[in-house]
Amino acid sequence: MKQIINITLCFFFLSAIGQQTDKIDRRINNFMNKWQIPGLSVTIINNGKLVYAKGFGYTNIKSKKEVFPNHMFRIGSISKPITAITIFKLIEEDKLSLSDKVFGNNGILNDSLYSKILDKRVLDIDVKQLLEHSAGWDRNKSFDPVFENKRISDSLKLDKSPTSKDIIKYMLQNHYLDTAPGSTFAYSNFGYCILGRIIEKLTGLNYEDAVKNKVLIPLEMFDTKIGDSKKSNENESMYYSEDDYIVNSAFYPFQEKVKPEYGGFDLSILDSCGGWISSAIDLAKLICAIDGFTNRADIISEQSLKNMSTVFKNSNYAKGWMVNHKKNWWHTGSIPGTYAMISKMNDGNGWVILMNKRILENKKFYKDVDQLIFKPMKGMDLSELTNLFDKY
């Protein structure tokens, strides 16, 4: 009789857990129907374990290829946490410090390429300011140079598409800072573009290889790489625009008309600020590598985690992560054809959401994404679920 009771209790427990995850499934399906999202991938973390991993919809509308949790998606600015973690790895190796100056004779990037500087305040910029978006570039006051390939190519008379180094050279030679270094938070893709070049300078490797060696390979994140702007790779989702519109190509000679999600921007330039593709499984591994739990080793030290999560002044941005007063960490990624979110909560839970369409400039959409997993997980106990990392 006791055995029957135990089996019955186990059945009801598993049924209750199933009902909770079914609630998440229904919420995701309702979200996709509301916003007409073709495909979406989600993983959920609980205390260092992967407890939920599902794909919804299609990676390709025409072929009806279903999404699986190991499908790769462009992740946009979730690339910034990857860059920040790599910087902290180099700090732990004593190759640089947060206070190191970036430009000038005594700076990290002291190459002749960067010797001509219009605004001498640039010489005051340090690594910490780049990580915190306080180095002095404000795209709302001027422009975002990582999306201005034609302007930069024409100015430098390149007769080719510019590189990341060309963009830095152009900005240093031709533009003043919008604010004094260290004074103001202003989200800056360009600042993280510079961090990518710092990683290259200190490792002697190109940015992608350096990050793979320092972070991705140790974490067995083998489905994470710099994407291709003009096509989707094998095992990568297709991408879809909200509207049927075209733009000028971001590639020389900049005259071809293209869909914005396929050639409207250059992922090789966005590398360290927005160029990675990854899977929800891989990004779940990344969360577990910075969560402080022992069942999967952290990639950086406790002190580095503390420094990385310390916000700049009155902002909610730390160093590669947004962090609120409850010590919840998150970052979003948004480029034409994709929207993504990664979250690490102070209660041990976390999640990744990747999708192959974004709804541009719609606050309701952003709010719905923010609440998509957070709201149904309130009060849920996922601690008894199987660790799916054994499967993936």
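One N or O on the side chain of K357 and one on the backbone of Q36 form a donor-acceptor pair closer than 3.5 Å. Side-chain atoms of T43 come within 3.5 Å of backbone N or O of A280 as a donor-acceptor pair. Listed for the D144 side chain is no donor-acceptor partner under 3.5 Å among the backbone atoms of R139. At least one donor-acceptor pair under 3.5 Å links the side chain of Y192 to the backbone N or O of L131. Between the side chain of N189 and the backbone N or O of L270, no donor-acceptor pair lies under 3.5 Å. With hydrogens and angles disregarded, no donor-acceptor distance shorter than 3.5 Å links the side chain of E220 to the backbone of I217. Using modelled atom types, one side-chain atom of T86 and one backbone atom of I82 make a donor-acceptor pair closer than 3.5 Å. The main-chain N or O of N324 is never found under 3.5 Å from a side-chain atom of N328 such that the two would form a donor-acceptor pair. For the pair N233 (side chain) and E236 (backbone), a donor-acceptor distance under 3.5 Å is absent. Remark: the backbone N or O of S268 is paired with a side-chain donor or acceptor of D266 at under 3.5 angstrom.
Counting only heavy atoms from C-beta outward, the side chains of T338 and N356 never approach each other to under 4.5 Å. Looking at N110 and F103, their side chains never come closer than 4.5 Å, going by heavy atoms from C-beta outward. Counting only heavy atoms from C-beta outward, the side chains of I277 and D223 never approach each other to under 4.5 Å. Between K391 and L50 there is no side-chain heavy-atom pair separated by less than 4.5 Å. Between T224 and L219 the shortest side-chain heavy-atom distance does not fall below 4.5 Å. Between S343 and F374, the closest side-chain pair of non-hydrogen atoms is not below 4.5 Å. Contact check for N46 versus S383: side-chain heavy atoms found under the 4.5 Å cut-off. For the pair R74 and E261, the minimum side-chain heavy-atom distance is below 4.5 Å.
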(Q) Show, in sequence, the C-alpha distance, side-chain angles and deciding distance for F31 and M355, and conclude whether the side chain to side chain contact (heavy atoms under 4.5 Å, CB included) test is met. (A) CA-CA 11 Å; F31 167 83; M355 63 188 80; 3.9 Å; yes

(Q) As a quick check of understanding, evaluate side chain to side chain contact (heavy atoms under 4.5 Å, CB included) for F251 and V258, giving each step before the final call. (A) CA-CA 10 Å; F251 296 89; V258 298; over 6 Å; no

(Q) Checking K141 against T179 for the side chain to side chain contact (heavy atoms under 4.5 Å, CB included) test, could you report, in this order, the C-alpha distance in whole Å, the side-chain angles of both residues, the deciding distance, and whether it holds? (A) CA-CA 10 Å; K141 291 184 177 180; T179 59; 3.7 Å; yes

Q) So D111 and K201, salt bridge (charged side-chain N to carboxylate O under 4.0 Å, His left out) or not? Walk me through it. A) CA-CA 10 Å; D111 314 69; K201 178 72 177 287; 3.4 Å; yes

Q: Could you please spell out the steps behind the side chain to side chain contact (heavy atoms under 4.5 Å, CB included) verdict for R358 and S334?
A: CA-CA 7 Å; R358 73 170 182 182; S334 176; 2.9 Å; yes

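A salt bridge between D119 and R121 is present, with a side-chain N of the basic residue lying under 4.0 Å from a carboxylate O of the acidic one. Classification of K364 and D368 as a salt-bridged pair holds, one side-chain N sitting under 4.0 Å from a carboxylate O. Salt-bridge formation is detected for the pair K160/D166: a Lys NZ or Arg NE/NH1/NH2 atom is positioned less than 4.0 Å from an Asp or Glu carboxylate oxygen. Salt-bridge annotation for D370 and K363: absent, with no side-chain N of the basic residue lying under 4.0 Å from a carboxylate O of the acidic one. Ion pairing between a basic and an acidic side chain is recognised when a charged N comes within 4.0 Å of a carboxylate O; K212 and E208 show such pairing.
I198 and Y114 fall within the same hydrophobic cluster, where Ile, Leu, Val, Met, Phe, Trp and Tyr residues are linked whenever their side-chain heavy atoms come under 4.5 Å apart, directly or through other members. A continuous path of Ile, Leu, Val, Met, Phe, Trp and Tyr side chains, each step under 4.5 Å between heavy atoms, connects L113 with I108, placing both in one hydrophobic cluster. Both I152 and I117 belong to a common hydrophobic cluster when Ile, Leu, Val, Met, Phe, Trp and Tyr are linked at side-chain heavy-atom distances under 4.5 angstrom. Neither M238 nor F68 shares a network with the other; the hydrophobic side chains, linked directly or stepwise wherever heavy atoms of I, L, V, M, F, W or Y lie under 4.5 Å apart, form separate groups for each. Linking ILVMFWY side-chain heavy atoms closer than 4.5 Å, directly or via other members, places I168 and Y176 in two distinct hydrophobic clusters.
Residues H175 and Y170 have side chains that bring a donor and an acceptor to within less than 3.5 angstrom of each other. Counting only N and O atoms by type, the side chains of D209 and N206 include a donor and acceptor under 3.5 Å apart. Between the side chains of S97 and D100, at least one donor N or O sits under 3.5 Å from an acceptor N or O. Between the side chains of T83 and Y207, at least one donor-acceptor pair of N or O atoms lies under 3.5 Å. When only modelled atom types and interatomic distance are considered, S161 and N149 share no side-chain donor-acceptor pair under 3.5 Å. Side chains of S112 and S115: no donor on one and acceptor on the other come within 3.5 Å. Y262 and S232 form a side-chain donor-acceptor contact under 3.5 Å, judged by distance and modelled atom types alone.
Within 6.0 Å of NZ on K259 lie more than 12 heavy atoms contributed by other residues, nucleotides or ligands. Taking a 6.0 Å sphere around CG of D390, one finds it holds more than 12 heavy atoms contributed by other residues, nucleotides or ligands. Heavy-atom contacts from other residues, nucleotides or ligands closer than 6.0 Å to CG of N106 number 12 or fewer. Within a 6.0 Å radius of NZ in K34, more than 12 heavy atoms belonging to other residues, nucleotides or ligands are found. Counting non-hydrogen atoms of other residues, nucleotides and ligands closer than 6.0 Å to NZ of K165 gives a total of 12 or fewer.
Closest approach of S278 and L283 over heavy atoms only: OG-CG, 3.6 Å. Listed here is the closest heavy atom pair of I226 and L267: CG2-O, 4.0 Å. What you find for W351 and I287 is that their closest heavy atoms are O-CD1, 3.7 Å. Between W330 and N316, the closest heavy-atom pair is CZ2-ND2, 3.7 Å. In terms of heavy-atom proximity, I299 sits nearest to P218 at CD1-CB, 4.1 Å. Considering every non-hydrogen atom in both I199 and I87, the closest pair reads CG1-CD1, 3.7 Å.
Aromatic ring pairs are classed by plane angle as parallel below 30°, tilted from 30° to 60° and perpendicular above 60°; the pair F147 and F265 is perpendicular. W329 and W321 have tilted rings, their planes meeting at an angle from 30° to 60° on a 0 to 90° scale. Ring geometry for H331 versus Y187: interplanar angle of 30 to 60°, hence tilted.
Within the structure, every pair that satisfies the salt bridge (Lys or Arg N to Asp or Glu O under 4.0 Å) test and touches residues 43-72, not counting sequence neighbours, is listed here: D25-K54.
Taking OG of S237 as the start and CG of L40 as the end, the distance is 10.0 Å to the nearest 0.5 Å. The CE atom of M377 sits 5.0 Å away from the CD1 atom of I44 when rounded to the nearest 0.5 Å. We find the SG-CE distance between C193 and M171 to be 10.0 Å, quoted to the nearest 0.5 Å. Separation of atoms NZ (K116) and CD (Q173) is listed at 5.0 Å; rounding is to 0.5 Å.
Taking the six-membered ring for Trp and the full ring otherwise, Y252 and F254 have centroids separated by under 6.0 Å.
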